[in-house]
2 protein chains.
Amino acid sequence: MNVGNLVKESLKAIPEPTLRRLPIYHQYLKKIDKEDFISCTTIANDLCLEAIQVRKDISLTGIVGKPQVGYSVKQLMSAIEDFLGWNNVMDAFLVGVGSLGSAILGYKGFEKYGLNILAGFDVDDSKVGTEIHRKKIYHIEKLPSLIKRMKIKIGILTLPASCAQEIANTMVEAGIKALWNFSPIKITTREEIIVLNENLAASLAVLSKKLQEQQNRN
Amino acid sequence: MNVGNLVKESLKAIPEPTLRRLPIYHQYLKKIDKEDFISCTTIANDLCLEAIQVRKDISLTGIVGKPQVGYSVKQLMSAIEDFLGWNNVMDAFLVGVGSLGSAILGYKGFEKYGLNILAGFDVDDSKVGTEIHRKKIYHIEKLPSLIKRMKIKIGILTLPASCAQEIANTMVEAGIKALWNFSPIKITTREEIIVLNENLAASLAVLSKKLQEQQNRN
DNA sequence: TAGATTGTTAATCGATTAACAATC
DNA sequence: TAGATTGTTAATCGATTAACAATC
C-alpha cells in the first residue's frame, strides 16, 4: 500500500460495525494477554465471528500481522487504543441525574475508553449542589455557560422524553458537538452534530421479536 | 398480496434496522396523537429519515395506509404494539444489582414494552433479601432453580466482565432462551439462544471516532 | 378529474464473505 | 521447502433508495 492509498484510506469513514467490534476485540484480548501472538482464526472462533471479518477490521486500524504467526497481542491492543482515541480523554457533561444518569456518572470504565464525565446537571433542587459518585451536580440553568466556558464537546442525555429534545437544542447552541442520548426518544439536530441514540425500547424490540421468531420455529 | 405471499413474508425474518426503528415511530406518534392521519413523508421529515424507508418499515407490520391520506395514527400505534408483542408481557430476571442493574430494575418503561423484570440476583449478602425499586433481590445460587420453576425465558446481565460469561452459561443451562447483556464483554452461547450485547464501549467508540472524523474535516 | 400518497418491483450501495496471492 | 497465516481483490448478500404503477 503506497502513501496515496493511505491518505485515501484515512479519508474514508470507518464502517460503524467495525468500530463496534474493535472494543470487543480489546476486551477479549485483555483476558488472554499471556499469549504473545494470536491469529484472527482464534479470535473469530472465541467471539463467534468470521476470521475474514476480524482480519479486515484489524487491517483498518493499520496494524500488520505476521504470516504463519498472527498478531502481537500487545501491539494489537495498543493499536486499538490509539485508533479509538482512548489515550486522549475527552470531557463530557451528563444531563438528567435520575437512576440511569447516576449509574452512568458512577461507571468507572469510561475513562479507560477516553471519556471523562466532569459533572452532572439536573433541575431537581434536592440534587443540585450535591455530589454523586464524586461528580458535582449543577442546576441545568448553568449548562450553556459552562459548556461555553469549559469548551465541552460531548453531552450525555439521560432525560425524560418530554424535555430531551429541548435540552439537546440548548446544548447544541452552546457548542456541543456530540450527543450520547439515552432518553426514550430520538434526538435530531443539525447534520454536522454527531448523535448516537441508545434506545432501550429499540434494543428490546430486537430481543423480543427474535425470541418470538425463535419460539415459533420450534 | 395473496395468502401465499403473506405466509412467505411471515417466515422471513424482519430486518434488525426495521425492528429498531419501529419503537422510535411509536415514541414519535405518542407525541402527536392529536392528528388522525399522518403520512410517511411527515414522519420521515420529523425523524430525519427517508420517507420510503418509513413506508417500507410500516408495510412490514402489515398495516395498510390510505393513498392521499396516510396512515391512521391510532391504528399505526396499535399495529406497532401488536407487532412487537408489547401486549404480551414476558417475565425476566436481572443478574448483577450494581448501579446499572439497579437503574434497569427501576426503569418504569419496560412494562409498556412487553418486559416485566420479576426479581434481581446478586452475590452481595448486603443486597440479598432486600428490595430495590420494589423488586426482591435473591442470592445468585437460587438463579437456576428459580429459572426452571418459573419458566423464565429472558435474562438481563449487568455483571462485571470477570463473571458474566460463566453466569450466562448457568442461565442457558437452566433454560433461559434470550440474554440481554449489559456487561462489558461479549457473551457467546449456543446458536439457538438469542443474545443482545449492549456494549457501552462499542457505542462510545462510534461516538468518539465520528467526532474525531468530524473535527478533522474542519 | 388531478394530485398526493401508498405499495411494489428494480437499482444501488455498503458490509460481509469468498478466493487466492503474498509472506515468513 | 511446505504450510499456516496475512493481505487484497472479487463476489455475494442484505438493506437502502429510486422508480413508477395503483389508489382514493
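Not measured: the values here are computed from a predicted model. Every chain is numbered from 1, with letters handed out A, B, ... down the list of sequences.
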Between the main-chain N or O of A:Pro144 and the side-chain N or O of A:Thr170, is there a donor-acceptor pair closer than 3.5 Å?
-> no

Within residues 194-203 of chain A: residues closer than 4.0 Å to DNA chain D (heavy atoms) | none

Could you state the atom-to-atom distance from OH of A:Tyr71 to P of D:dA4 in whole Å?
-> 17 Å

As its Watson-Crick or G-U partner within any shown strand, both distances under 3.5 Å, C:dA22 has D:dT5

So, B:Ser102 versus B:Ser99: side-chain donor-acceptor pair below 3.5 Å or not?
-> no

Are the side chain of A:Asn197 and the backbone of A:Asn199 linked by a donor-acceptor contact shorter than 3.5 Å?
-> no

For residues 68-80 of chain A, run the donor-acceptor check on the side chains, cut-off 3.5 Å, and write out each pair with its distance to 0.1 Å, sequence neighbours left out.
unit_1  : atom_1 : unit_2  : atom_2 : d
A:Ser72 : OG     : A:Gln75 : N      : 3.1
A:Ser78 : OG     : A:Gln75 : O      : 3.4

For the ring pair B:Tyr107 and B:Phe110, is the centre-to-centre distance below 6.0 Å?
-> yes

Checking all strands, does A:Ser59 fall into the base, sugar-phosphate, or nothing category for heavy-atom contacts under 4.0 angstrom?
-> nothing

A:Glu166 atom CD: more than 12 heavy-atom contacts under 6.0 Å | no

Reading 5' to 3' through nucleotides 14-24 of chain C, protein heavy-atom contacts under 4.0 Å coded B for base, S for sugar-phosphate only, - for none | -SSBBB---BB

Watson-Crick or G-U wobble partner for D:dT16, using a 3.5 Å limit on both distances?
-> C:dA11

Any sub-3.5 Å donor-acceptor pair from B:Gln165's side-chain atoms to B:Thr188's backbone N or O?
-> yes

Hey, is B:Lys209 close enough to A:Glu16 for a salt bridge, meaning N to O under 4.0 Å?
-> no

